[in-house]
Amino acid sequence: MTTPARYEPRMVEPKWQAAWEAAGLFAARRDPSRPKYYVLEMFPYPSGRIHMGHVRNYTMGDVIARHRRALGYSVLHPMGWDAFGLPAENAAMERGGHPKDWTYDNIADMRAQLKPLGFSIDWSREFATCDPEYYGQQQALFLDFLEKGLVYRKSAVVNWDPVEMTVLANEQVVDGRGWRSGVPVERRELPQWAFRISDYAEELLAALDRLDRWPEKVRTMQANWIGKSRGLQLGFSTVDAPDGFERIEVYTTRPDTLRGASFIAISPDHPLARHLERHDPAVAGFVAECRRLGTSEAAIETAEKRGIDTGLRARHPFDQGWELPVWIANFILMEYGTGAIFGCPAHDQRDLDFARRYGLPVIPTFEALEAPEPVGDVAFVPAKSDRVRWLRGFGWPEVATGDTAIEAAIDFCESRGVGRGVTKYRLRDWGISRQRYWGCPIPVVHCPDCGVVPVPRAALPVLLPDDVAFDVPGNPLERHPTWKHVACPRCAGPARRETDTMDTFVDSSWYFARFTSPRAPAPTDADEVGYWMNVDQYIGGVEHAILHLLYSRFFARAMHICGHLPATAVEPFDALFTQGMVTHEIYLTRDARGLPVYHLPEEVEAAEGGVRLKATGAAVEVIPSAKMSKSKKNVVDPADIVARFGADTARWFMLSDSPPERDVEWTAAGAEAAHRHLARLWRLAAEAAAADDPGDAAEDAALARALHRTIRDVTQGIEGFGFNKAVAALYAFANVLQRTGAGAGARRGAIAMLARLMAPMTPHLAEELWEMAGGEGLCAAGTWPVADPVLLAEETVTLPIQINGKRRGEITLARDLAPEAVEAAVLADAAVQRALAGAAPKKLIVVPGRIVNVVV
RNA sequence: GCCCGAGUGGCGGAACGGUAGACGCAGGGGACUCAAAAUCCUCCGCCGCAAGGCGUGUCGGUUCGAAUCCGACCUCGGGCACCA
C-alpha cells in the first residue's frame, strides 16, 4: 500500500482534480441520445476575492451537477463573470488604473481561488460580459430589439450631483447627498433608452402561475412588483388654472371613496407643478426641496409627508359647487398612475397624516358595522372583502364590501361620463441608459439630419476606447476627444455616437442563453439553445428575486420574438432555488472616542470570561452574526480554509447544519468538526482496506440495512434541496460504520457505496474512499446507488400512546397489524388502563404507523 | 413607508397536523497516555430528590392532537427600479 497514513487533502485534492480534467468529465456535450440537465448558479461579480457565499452557492450547484451526471444526464454546468459595473470605475477613481485591467486581474484572481474547490464546471465555456465577443452580440440584440419596437427613447429622472456634474446611482446617494461631494442631489431629467417591459406586464404576471418550481415567495414578490390594479381614471376640472391645465387626471383604486375626497395632490414632477414652479417662488422652493430627495422610492416614501397648497381649486365631479384644494405633495410618484390623486383621509393613513398636518377635512364614506368610531389619528382601512356600512355611497346597498362598492362606483361613474374603469400596472418600462464608461456601448449614432441611426451590423462590436481617464468627474466617453465623433452611417455627414452605456442588468439578462454556445457568431445557435435550454435548476440569492429574474423573463420573450430563443424558452428557468447568506459573528473594540474598531476572526481568541484580542489581550465585544462584509471585518477567506483544511471541508461545512434557503453561520469550531469527520471517514476506509476479518452474517445484514436507509435519505436530501438532511444521514451512517461488527469485505462494500453518496458533496475524499475500497475507475464517473426496498422494510413499529393529547407511553407492534388489533392492544396497555380507571374511552384515534390517542 | 421572508436547547438545526430537540457544535464525566495532542466511550431542553410539571418570538383561535393551520402583534433579515 502506498497510500499515506492519514487524510492529506492538500496532497490528494490537486491529484483528483487533474484526473477529472484528464478524463474530460465535465465538458458539456450535446448528446441527443441522453437526457440533458442545465444547472446554473448566478454568475459572480469579479470583486477580486471569492467569499464564503460563493463557496456555498457553487457547492450547491455542484452537488446537483454531479448527482445528475451520476444519474446519466448530459450536464451543462458553466461559469462566467458579470464583469461590467460601477465598482471598476470607482476603483479607477480611487486607486488609479484602468477598469479593464482591474476587472481582468480580478477575474484571474477569482478563477485561481475557485478552481481548487473542485467544482465540476465546464471551464471551456467561460466568458466575461465585458469581453467584446459577448457585448458585441448584446449590441446585435439591441439592434434586433430596436427593429421590433422593443426599445425606445424617453425622458427619465436621474440623481444629479451638482458638484461632480455626474449622475449618481441610488447607492451613491446617502441621506439625500452625494457620497463623495456631500452636497444635496437633484432629480434631473435626461433622454434615456428604455425597453418596453411594461407591454408584457400582463403576460409576465400570468406566466408566474406556470412557474411551479419557483419559490412561492418569489412569485408573490414579482406579482406585487408588476402590481396589477383595477381602478377609475377621472378628470377633475380646475378653477382658474393656467392654460392647458383645465383638467387634472387622477387615478384611484378606491373610487368608492370619491365622496370622501378632501384634496387633490399632485407629484412635484407633475407637468402642472413644473408649470407653477416657473411662476411661483414658493412652489419653486418646495419643488426644489422635493427634488433633493433623489430618485429612490424608499427615500421618498420614508421622508416626512409634506406639501404646499397651490391655491388652485378643482371641482368635485358629483357637485360642481364643491371645490377641492390642489396640493403638491412630496410622496406622490409621477411614475405611478397619472402622478395625481384625490386624498380621502378617512380611509388612507397617509392621506390622513397629510390632512391632519395641514388642517384638511376628514370625511368618512363608510363605517364599521359594529361599534363604529369617529376617525381620529388612525384611518379606518378595513380589508376590501369586509362588509361595512356606507354613509356616502352612490347607488349600491347600504351594507356592502369594498370590492362590491368599487365595481359599483366604476359602473356608476362610467354611466355618468365621469372617468372610466381602467387596469393599470405598477411595472414601469426598463430604463437602460447609464452615463458611464464601464458598460456595453449602445450601438446607435445621433445625426443632426437623420436623427437616431443604428450602427450597421458589420460595424459591431462598438468597442469601448481604452484611452480614458478617471481623474475628472463625468462620463469619460462623453469627454473622449475622438471616440464619439463618427460619420453618420446613413448620410455620411458628421454625427455623434451615443455615449450612454447599458445597465448591467442587460448583461445578466441573457448570459444563461450564451453559455449554450459561448463562441457562436450570433447571440445564440439554434441547435445548441434547442438542446440545452431551459436552465433546469437556477440557484442564487433571494436579493435577485425581482429585478434580475423579471428582466431575464422579459429578455427571453424579446429574444424569442427576434428568433434567438425557441418558444419553449420564454420562461428560461424551469426551477429556481434561492439560497441564504453566510454570516459570521462580528468582533469589535472601542477607540478613545468610543467608536467601534472591527477585528478579523483570526485576530481574536476565546479566553476566560469572554473573547480577547490575540495581540493585546484586550476584551472584545461580540455582536451576533450578520452577513459577511469587509467593512465589519467578519469575513473568512475561502482560500485560507482550503489551504488549512482542504476544499472538501469547506464544501461539507457549507452544506451541513443550516437548510440551504436559510442563512448559515460560519464558525471556526464547525469547520474543524467538519474536517475531523472527513478524516474519520478516511481512517475507517484505510482500516477496512487493510483488514480481512470475516465478521458475522447478522452484523453484515444490519450494516446493509443502514446503508440502504442512507441511500434513500441522501437521495431524498439532494433531490429535495435538503443538503443538511443528506449530511445528517451521512453522519448517522458514519456512526454505524464505526461501531459495526460487520466483516472487512462488507465494510469495504459499504464504504464504496458511501463514496458514491458523498461524491457530489466531497468529491475528492470520495475518490480516496472509492480507491481504498477497491473501486474501479473514477468515482466521479460512477452511477448513483439505488436503495433496495427489501432492505428498507421494517418488521415492527413503535407507536407512542397519547392520553388526551399528552404522550403517556408507547407500544411496539407488528408493522401491518389490523387497526382493530391495534385498538385492543392499546386498551390492554397498563398506562391506558390506569387512565381509564374502568371507564370506556370517549374516543380512540389510531393513525396507522404513527400514533394512538385515547380521549378519556 | 410599501412588498416578501424568518424566529425551536448554550449554538446551527430535525420533525407528511401525530413521540419536539434527529444530526452536528459547545460543555460535563470517563478510557487510552509518563503527560499532552489525536482518538474512543458516555451524559447533555428547563424546573424538580422524585412523581411530575413547563417548554418551538408574544397573545388569542381551530383541532382528539399545533413548531406546523388561522388572526393580531413583536423582533430580525431581503427588495424598493442607477449596488450587483
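Chain letters run A, B, ... following the sequence lines, proteins first and then strands; every chain starts at 1.
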Of the listed nucleotides ([options]), which one gets closest to any side-chain atom of [X]?
X	options	result
Pro87(A)	rC83(B), rG78(B), rG13(B)	rC83(B)
Asn170(A)	rA84(B), rC83(B), rG79(B)	rC83(B)
Ala169(A)	rA81(B), rC83(B), rG12(B)	rC83(B)
Leu86(A)	rU42(B), rC25(B), rA84(B)	rA84(B)
Arg683(A)	rG78(B), rC40(B), rG24(B)	rC40(B)
Lys217(A)	rA22(B), rG7(B), rG5(B)	rG5(B)
Arg808(A)	rG53(B), rA84(B), rA26(B)	rG53(B)
Lys806(A)	rA84(B), rA26(B), rC54(B)	rC54(B)
Lys725(A)	rA15(B), rC64(B), rG7(B)	rA15(B)
Val855(A)	rU19(B), rC64(B), rA81(B)	rC64(B)

Going by an N to O cut-off under 4.0 Å, is there a salt bridge joining [X] and [Y]?
X	Y	value
Asp269(A)	Arg291(A)	yes
Glu672(A)	Arg644(A)	yes
Glu297(A)	Arg426(A)	yes
Asp503(A)	Arg434(A)	yes
Arg356(A)	Asp377(A)	yes

[atom1] gap between [N] and [M], integer Å:
N	M	atom1	answer
rC44(B)	rG21(B)	P	12 Å
rG71(B)	rA66(B)	C1'	15 Å
rG18(B)	rC83(B)	C1'	48 Å
rG29(B)	rA36(B)	P	14 Å
rA20(B)	rG13(B)	C1'	13 Å
rC4(B)	rG9(B)	C1'	29 Å
rA67(B)	rG17(B)	C1'	11 Å
rC23(B)	rA72(B)	C1'	36 Å

Mark yes or no for a side-chain to base donor-acceptor pair under 3.5 Å between Asn853(A) and rC64(B), with no hydrogen or angle criteria applied.
-> yes
If the cut-off is 4.0 Å, is [X] near the phosphate of [N], judged by side-chain N/O to OP1 or OP2?
X	N	answer
Arg739(A)	rC41(B)	yes
Arg6(A)	rU39(B)	no
Asn224(A)	rG79(B)	no
Thr667(A)	rC25(B)	no
Asn724(A)	rG24(B)	no
Gln802(A)	rG18(B)	no
Arg662(A)	rG12(B)	no

Answer with base, sugar-phosphate or nothing: what part of the nucleic acid does [X] contact at a heavy-atom distance below 4.0 Å?
X	result
Val727(A)	nothing
Pro44(A)	nothing
Val852(A)	nothing
Arg219(A)	nothing
Gln435(A)	base
Gln192(A)	base
His548(A)	nothing
Trp430(A)	nothing
Phe505(A)	base

Donor-acceptor pair, side chain of [X] and main chain of [Y], under 3.5 angstrom:
X	Y	value
Lys384(A)	Pro382(A)	no
Arg187(A)	Gly294(A)	yes
Arg188(A)	Ala156(A)	no

CA sep, side-chain torsions, deciding dist, call: Phe43(A), Phe512(A), ring-ring contact (aromatic ring centres under 6.0 Å, His included) = CA-CA 9 Å; Phe43(A) 65 164; Phe512(A) 48 87; 9.6 Å; no
Could you check which nucleotide pairs with rG60(B) in any of the strands shown, counting Watson-Crick or G-U wobble with both distances under 3.5 Å?
-> rC70(B)
How far apart are the C-alpha atoms of Phe733(A) and Tyr731(A), what are their side-chain angles, what is the distance that settles it, and do they pass the ring-ring contact (aromatic ring centres under 6.0 Å, His included) test?
-> CA-CA 5 Å; Phe733(A) 183 67; Tyr731(A) 265 114; over 10 Å; no
Apply ring-ring contact (aromatic ring centres under 6.0 Å, His included) to His675(A) and Phe653(A), showing your working.
-> CA-CA 8 Å; His675(A) 186 253; Phe653(A) 183 62; over 10 Å; no
Proximity to RNA chain B (any heavy atom under 4.0 Å), residues of residues 295-303 of chain A only = Ser296(A), Glu297(A), Ala298(A), Glu301(A), Thr302(A)
What residues in residues 843-851 of chain A put a non-hydrogen atom under 4.0 Å from any atom of RNA chain B?
-> Lys843(A), Ile845(A), Val847(A), Arg850(A), Ile851(A)
Will you find, in the side chains of Arg680(A) and Asn735(A), an N or O donor that is under 3.5 Å from an N or O acceptor?
-> yes
Any idea if rG9(B) is syn or anti, going by the 90°-from-0 cut?
-> syn
Before giving the answer on side-chain hydrogen bond (donor to acceptor under 3.5 Å, both in side chains), spell out for Thr504(A) and Trp438(A) the whole-Å C-alpha distance, their side-chain angles and the decisive distance to 0.1 Å.
-> CA-CA 9 Å; Thr504(A) 56; Trp438(A) 195 233; over 6 Å; no
Could you run down the sub-3.5 Å N/O contacts of the protein with nucleotides 44-46 of chain B?
none

Take atom NZ of Lys842(A) as the centre, draw a 6.0 Å sphere, and report whether it contains more than 12 heavy atoms from other residues, nucleotides or ligands.
-> no
Taking CZ from Phe84(A) and C1' from rC83(B), how many angstroms apart are they, rounded to a whole number?
-> 17 Å
Kindly indicate, with the supporting measurements, whether the criterion ring-ring contact (aromatic ring centres under 6.0 Å, His included) is fulfilled by Tyr134(A) and Trp510(A).
-> CA-CA 10 Å; Tyr134(A) 183 81; Trp510(A) 72 288; 4.5 Å; yes
